[in-house]
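All remarks here apply to the structure that follows.
All figures in this text were calculated on a predicted structure; none of them were measured in a lab. Order of appearance sets the numbers: ligands from 1, and atoms from 1 within every ligand.
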Amino acid sequence: MATAVARYTAAAVTDRGRKRPSNEDAFGFSVEAGVYVVCDGMGGAAAGEIASSLAVDEILRLLKERKPENESPLPGAAETAVTAANEAIFSRAQRNHRLNGMGTTLVVMATQDQHVWILNIGDSRCYLMHKGKLQQLTLDHSLVEEQVRLGRMTPREALHSPLKNVITRALGTQSQVTPDIFELEAEPGDLFLLCSDGLTRELPDNTIETLLNGEMPLEALAAQLVEAAKKAGGHDNITCMLVRAEA
Ligand code: CA
């Protein structure tokens with residue numbers, strides 16, 4: 001019989017990168033509440049930073065306040081928190097014209113024992129390392145990735161396309177948004193990576209897989225990924241969050 005997942009451990013590292021003047025990525029997690037969030041904001045001036053940190057704060061706050069015994073099951077609560085974060089960003093942008101159009105990507109991991117739910121909007125990703133193999137769990141809501149999935153563009157063309165920054169779904173830019181939701185069962189030893197595109201644009205999946213197979217503490221592993229992305233160019237802000245299911 002497989003051993004049960006008893007707990008999760010987590011660590012995250014974010015970095016401005018080598019080209020951008022500021023860091024518009026944001027992250028937050030609560031192991032106790034079973035919630036892990038990475039956001040990559042967009043918008044002029046400071047708007048991107050405001051959107052991404054609003055989203056992280058709102059989702060963490062709502063899921064930490066949740067009382068599991070008398071409230072809706074976790075996946076529903078996580079979806080409600082995403083809706084609330086969308087409204088918080090959207091209404092703030094409506095009230096302040098300098099923040100008009102701000103938004104953020106979002107990837108959320110919610111855990112309850114071995115049950116894991118991943119919610120995503122935009123092109124921040126969640127990967128799973130299972131028995132040393134890396135697999136991407138989320139699908140990017142980006143113009144080029146959608147073209148690749150339709151067979152109209154090769155992955156190589158997507159990487160070099162002038163449209164590669166266009167995302168087709170964002171949190172906070174419209175009054176309503178729907179995340180994709182993926183559900184799976186974790187096994188002890190499984191390692192989840194939540195990251196912004198500043199990592200995945202710089203490093204191919206096989207490099208990420210090799211680095212994640214290194215035997216070191218989570219914090220050092222996350223820092224190593226960020227350093228590799230900076231060395232590969234560091235064109236964008238980089239955020240890596242690692243969550244490990246433990247026996
Ligand atoms: Ca980015």
Side-chain angles (χ1 to χ4, degrees), residues 12-29 36-59 82 85-86 89 93 99-109 118-127 136-148 155 158-174 177 179-180 192-205 207-208 211 222-242:
V13 174
T14 190
D15 195 285
R16 187 166 57 84
R18 294 166 58 192
K19 311 280 166 154
R20 298 283 172 94
S22 61
N23 191 346
E24 299 191 321
D25 288 358
F27 73 84
F29 63 84
Y36 308 84
V37 191
V38 168
C39 288
D40 173 357
M42 69 207 82
E49 277 169 83
I50 292 171
S52 60
S53 54
L54 253 180
V56 168
D57 293 350
E58 188 73 357
I59 287 165
V82 169
N86 188 69
I89 298 165
L99 302 178
N100 269 183
M102 72 172 172
T104 180
T105 70
L106 166 88
V107 57
V108 177
M109 175 173 166
I118 308 291
L119 294 81
N120 81 296
I121 294 169
D123 63 359
S124 295
R125 293 179 179 173
C126 180
Y127 289 86
Q136 188 178 329
L137 298 177
T138 52
L139 299 174
D140 292 354
H141 302 131
S142 79
L143 195 65
V144 295
E145 286 300 318
E146 287 173 0
Q147 293 297 307
V148 169
L159 210 54
H160 298 105
S161 165
L163 300 173
K164 65 178 190 246
N165 288 320
V166 179
I167 64 170
T168 51
R169 230 188 278 182
L171 191 75
T173 54
Q174 288 177 312
V177 70
D180 286 348
F192 295 84
L193 165 67
L194 281 66
C195 61
S196 60
D197 67 336
L199 179 78
T200 52
R201 296 263 184 100
E202 303 290 3
L203 303 179
D205 285 3
T207 303
I208 295 174
L211 292 171
Q224 196 189 41
L225 284 174
V226 168
E227 280 313 307
K230 282 173 80 173
K231 209 176 267 180
H235 295 88
D236 197 358
N237 308 143
I238 308 150
T239 302
C240 291
M241 181 180 287
L242 292 170

Check whether any side-chain N or O of Thr105 sits under 3.5 Å from a backbone N or O of Ile121 as a donor-acceptor pair, and report yes or no.
-> no
Asn120 side-chain N/O to Leu139 backbone N/O, donor-acceptor pair under 3.5 Å = yes
Anything protein N/O/S under 3.0 Å from the Ca ion (ligand 1)? Just list residue and atom, please.
-> Asp40 OD2, Asp197 OD1, Asp236 OD2
Donor-acceptor under 3.5 Å (Thr138 side chain, Cys126 main chain) = yes
Which atom pair, heavy atoms only, marks the closest approach of Val38 to Ser196?
-> CG1-N, 4.2 Å
Thr239-Thr14 side chain donor-acceptor pair, cut-off 3.5 Å | yes
Search all heavy atoms of Leu159 against all heavy atoms of Lys164 and return the closest pair with its distance.
-> O-CD, 3.3 Å
